[in-house]
Amino acid sequence: MRLLSRDSNTKLIKTAKGLENVVLAGLSLMPSAILCPSSKAADCFDACLKESGLAQVYKSVNIARQKKTDYYMQDRDGFLTQLRRELTNLEKYAAKHKKRAIVRLNVLSDITWEIHNIPQEFPNISFYDYTKRAARLGNTPDNYKLMFSYSAAPKYKKQVDIALTTDAPITVVFKNGLPPSYMGREVIDGDKSDIDNLEAKGKIVGLRVKGNSAKRSDSPFIVDSNIISTDRMAA
């Protein structure tokens, strides 16, 4: 069982499309309350992208994700050893073909990989992730960039407030189109490329709602552009 993949996630495929001299890989685990510790406060678990993309078509996608998660939970040392081996091979492949290696370790999870020293051990690889843990912002190695994932859930407000004190890109899922601004920040189209989004300091990265999430009208993880108040846009 391979841990890293380049073709099992729709967003990774879309991000990699059109990029020259780049090899992009991701680690897709099955999300859980343990692997996504802020999901309860953010009330985003039901709206998670685990049921979107290829997972909507092939049951095998989430079966494979669950197997990887079980491996991580039951044999952490073995999992990390294999991950390091695969990252080493990716790094060698990128160097041989004169490409830049980029890895997203939390395609659907929110693990603090910096605690495991994974980014630190591979300075020639560029790592990136979304996170709902504001304390991580500005506290990762230089080769590990993060985007903060927004939710309007009341219990999550403190995390959002902390994120707004930084210049980290903040991703917000919208339905009914993207507004020009939100929370006092310019909104950019984030559905084009995660790589470009990483450089959107001080901006809102607008993502259009996808998959089964679009059916939920009450999720604080999804902002309806039609009913955003002027105050909230400028807040």
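Every value quoted in this text rests on a predicted model; they were computed, and no experiment measured them. Heavy-atom basis, side chains included; hydrogens, waters and symmetry copies ignored.
Checked by atom type and distance alone, the side chain of E121 never pairs as donor or acceptor with a backbone atom of R84 at under 3.5 Å.
In terms of the side-chain contact (heavy atoms from CB on, under 4.5 Å) criterion, residue partners of D196 (sequence neighbours excluded) are, by chain and number, S193. When the ring pair (Phe, Tyr, Trp, His ring centres under 6.0 Å) test is applied to F122, no partner is found at least two apart in sequence or on another chain.
How far CG of L146 is from CG of L137: 6.0 Å, rounded to the nearest 0.5 Å. For the atom pair CG (N143) and CG (N124), the distance works out to 9.0 Å, reported to the nearest 0.5 Å. Remark: L27 CG to F79 CZ distance equals 4.5 Å, nearest 0.5 Å. Remark: K145 NZ to R104 CZ distance equals 15.5 Å, nearest 0.5 Å.
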> Run the side chain to side chain contact (heavy atoms under 4.5 Å, CB included) check on Q159 and K132 step by step: do they pass?
Replying inline: CA-CA 8 Å; Q159 296 288 328; K132 281 188 166 62; over 6 Å; no
> Run the side chain to side chain contact (heavy atoms under 4.5 Å, CB included) check on E186 and K203 step by step: do they pass?
Replying inline: CA-CA 5 Å; E186 177 189 359; K203 298 184 184 297; 2.6 Å; yes
> Which is it for K67 and M30 under the side chain to side chain contact (heavy atoms under 4.5 Å, CB included) test, yes or no, and what are the steps along the way?
Replying inline: CA-CA 8 Å; K67 287 182 179 179; M30 193 65 177; over 6 Å; no
>> Working note: V172 + V205, criterion side chain to side chain contact (heavy atoms under 4.5 Å, CB included); need CA distance, chi angles, decisive distance, verdict.
In response: CA-CA 6 Å; V172 180; V205 177; over 6 Å; no
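Hydrophobic clustering, with ILVMFWY side chains joined whenever heavy atoms are under 4.5 angstrom apart, keeps Y72 apart from I115.
Using a 4.0 Å cut-off between charged side-chain N and carboxylate O, D189 and R208 make a salt bridge. Classification of R136 and D110 as a salt-bridged pair holds, one side-chain N sitting under 4.0 Å from a carboxylate O.
Residues Y156 and F148 place their aromatic rings such that the two centres sit under 6.0 Å apart. Ring centers of Y182 and F174: under 6.0 Å apart, within the cut-off.
Looking only at atom types and distance, the side chain of Y130 has a donor-acceptor partner in the side chain of D194 under 3.5 Å away. Defined by atom type and a distance below 3.5 Å, a donor-acceptor pair is missing between the side-chain atoms of Y144 and Q120.
Residue T171 comes nearest to L207 through the heavy atom pair CB-CD1, 4.0 Å, listed as atom of the first residue, atom of the second, then distance. Taking each heavy atom of S28 and K68 in turn, the nearest pair found is O-CD, 3.6 Å. When all heavy atoms of V173 and F221 are compared, the pair lying nearest together is CB-O, 3.6 Å. Closest of all the heavy-atom pairs between A134 and A163 is CB-N, 4.2 Å. Across E114 and P141, no two heavy atoms sit closer than the pair CB-CD, 4.0 Å. Between M147 and N197, the closest heavy-atom pair is SD-CB, 3.5 Å.
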What donor-acceptor contacts under 3.5 angstrom involve side-chain atoms of residues 92-103, with partners at least two apart or in another chain?
| residue | atom | partner | partner atom | Å |
| --- | --- | --- | --- | --- |
| R100 | NE | S126 | OG | 3.4 |
| R100 | NH2 | S126 | OG | 3.4 |

